[in-house]
Amino acid sequence: MSFYPQLKQFLLGKSLPTSAHAEERLSNAAALAVLSSDALSSVAYATEEILLVLVVAGSSALGLSLPIAVAIIALLAIVILSYRQTIRAYPKGGGSYVVAKENLGLYPGLVAGGSLMIDYILTVTVSISAGTAALTSAVPALQPYTVSLCLIFIFLLTLANLRGVKESGNIFMVPTYAFIASIFILIVLGLFKQATGQVVTEYPNLPVKEGLSLFFILRAFAAGCTALTGVEAISDGVLAFKEPEWKNARLTLLWLGFILGIMFVGITYLSHIYHIVPEEGQTAVSLLGRQIFGTGAFYYFVQIVTLLILLLAANTSYADFPRLCYFLARDGFLPRQLALLGDRLVYSNGIILLSLCAAVLVIIFKGQVNAVIPLYAVGVFTSFTLSQAGMVRRWFTNRERGWQASALMNGLGAIATLVVLGVIVSTKFLLGAWLVVVAIPLVVCLFLAIHRHYQYVAERLSIQGLPPRSYVPRPKPAVVTHPAVVVVGQLNRGTVEALDYARTIADEIVAVHVDLNSTDREKLQQKWRQLESDIPLEIIDSPYRSVIEPIVNFVAQFEDRHQDVFTTIIIPAFVTRNWWDGLLHNQTTLFLKTALRAKQSRVITTVRYYL
């Protein structure tokens with residue numbers, strides 16, 4: 001085994017067969033850790049975001065944080081109940097993209113998908129930056145290394161998720177529940193100290209820089225709505241649960257709403273009664289911890305688990321972003337490589353893409369949470385609104401049992417999230433939200449451009465219209481002098497030309513196709529009999545979803561049977577009009593030729609089909 005496979009196996013573990021997919025499901029407790037860490041972790045910064053807005057209106061305005069938090073909790077309850085409806089209606093997973101596309105049409109679906117993609121990338125950026133801020137609050141000497149620390153944490157999260165869903169769940173359970181426990185202890189002890197009169201009795205005298213207005217209060221409300229980001233993750237990841245998936249997902253979502261609501265209101269209430277004022281280099285949770293615990297061991301424990309949960313909040317995106325990319329790639333709106341399962345039964349290419357995008361944003365914004373927060377929540381509330389509107393349309397169309405109550409709940413959710421979306425866009429637009437407002441249509445245009453390319457390729461390669469061809473069965477020669485193996489990915493015009501070429505040079509031909517557990521064998525064999533009946537087609541199973549290794553092994557065995565002659569391996573390949581179009585297609589031909597040369601196959605021919 002060469003160095004690279006050994007290193008890969010050491011870091012990620014052994015490859016898992018496709019048959020092990022069901023074993024990689026999550027229990028409710030593990031799913032709460034993997035899929036809800038984004039929402040749960042928001043209590044570490046949502047209250048602070050409200051206070052950062054209110055502080056410019058002076059000391060008296062800080063008291064508004066509590067009623068604003070209550071309004072946000074009411075919105076949370078509406079969203080939780082609405083998504084429980086979505087899970088019931090889509091028991092096999094109904095993310096915003098699927099729901100909006102199925103019920104509202106293609107463009108709303110793509111807007112929902114693009115919004116969620118942007119939000120997931122921002123979630124990683126915000127969570128990693130906020131987690132690093134918690135660390136640098138406790139250890140100020142690390143502040144000059146903020147960006148480097150962020151990049152290291154992104155790398156570690158990438159490795160953890162590439163190891164598989166089940167392993168990442170086991171890794172992340174302890175810090176998630178440690179964070180929940182520490183916040184509940186903070187709240188209980190804080191309330192006890194209040195009851196015994198051990199609190200700061202008033203805010204310091206703060207200058208008034210901006211007067212109170214409805215728009216100002218709405219801006220604080222919009223800032224606090226970051227507490228709701230990540231709530232949709234459970235409905236997107238229903239298939240990650242153990243059976244019965246949808247029932248377990250609904251129950252876990254309910255627990256998420258209950259735990260998140262208590263923690264958010266508790267932190268906001270403590271910030272109010274302890275008269276917390278935001279400070280440069282200190283988070284609100286850090287300031288609370290110092291007042292309630294002092295600077296002893298438990299304070300540092302809270303800071304460490306806060307750091308960990310904020311890092312794990314990014315893991316919600318790692319759980320759902322690759323699945324969203326899979327759906328979009330399956331429908332031809334993203335590169336097909338994003339629809340492929342990796343060695344550990346996760347969508348590895350989606351995980352890597354997410355990490356690269358988040359790393360770029362961390363570098364651009366220098367790991368500063370407050371610089372990224374204004375961009376946050378626009379995408380998620382756009383997808384909230386489209387998903388809930390799609391569900392209303394679904395209930396009115398299908399009129400299933402109890403549809404009126406369900407439509408009312410989803411309608412209420414759609415209206416509430418639409419209002420909040422309007423508030424967020426209007427209050428944060430000039431602060432940076434305009435970037436997301438512009439980015440969403442650009443991403444949708446990218447989706448459509450990719451889809452047009454795939455449609456063009458499909459039309460050019462289609463065998464539709466090719467007349468059935470009848471060949472006289474090829475008699476097996478007494479002595480084989482020119483054997484050939486033709487690699488068949490799909491039966492298209494490129495493959496047909498490669499087979500025609502093989503007939504001109506070979507006296508024994510065999511075609512080989514690798515089934516990655518996605519081939520309709522009966523349909524392929526039927527088409528094969530119509531067009532290429534004189535050449536046998538071998539279909540090979542690939543339990544580990546590899547194309548290269550099964551073909552290399554097949555060729556080696558074929559060459560062993562024809563040792564005294566040169567075997568020609570013929571690989572069909574289509575050539576795109578522009579080099580950048582090639583990025584949308586798997587580079588299987590290149591990797592296969594490299595692997596065959598390593599095995600010392602002597603004659604390898606590529607038959608190009610020019611699009």
Scan R561, H562, E559 and name whichever one has a side-chain contact (heavy atoms from CB on, under 4.5 Å) with P483. H562

Without swapping roles, check the side chain of S41 against the backbone of D38 for a donor-acceptor pair under 3.5 Å. yes

Sequence neighbours left out, what passes side-chain contact (heavy atoms from CB on, under 4.5 Å) with [X]? Give chain and number order.
X    : result
Q490 : N492
A458 : none
S115 : V111, T382, I440
V443 : I118, F447

Would you check if [X] and [Y] make a side-chain contact, meaning some heavy-atom pair closer than 4.5 Å?
X    : Y    : result
V231 : V380 : no
W246 : I87  : yes
L328 : L110 : yes
S383 : D119 : no
H482 : I505 : no
T588 : I548 : yes
V444 : L448 : yes
F365 : L375 : yes

Test ring pair (Phe, Tyr, Trp, His ring centres under 6.0 Å) applied to Y347 and Y326, Y318, F321, the passing residue: Y326

Polar side chain donor-acceptor pair, T606 to K593, under 3.5 angstrom: yes

We want to know whether S542 and D515 form a side-chain donor-acceptor pair, criterion being a heavy-atom distance below 3.5 angstrom. no

Minimum heavy-atom distance R493-S462, with the two atoms named: NE-O, 2.6 Å

Partners of F554 by ring-ring contact (aromatic ring centres under 6.0 Å, His included), sequence neighbours excluded? none

Under the side-chain hydrogen bond (donor to acceptor under 3.5 Å, both in side chains) definition, can you give me all pairs with a residue in residues 445-454, not counting sequence neighbours? H453-H585

Going through the distances and angles, do S387 and E232 end up as a side chain to side chain contact (heavy atoms under 4.5 Å, CB included)? CA-CA 10 Å; S387 174; E232 83 292 341; over 6 Å; no

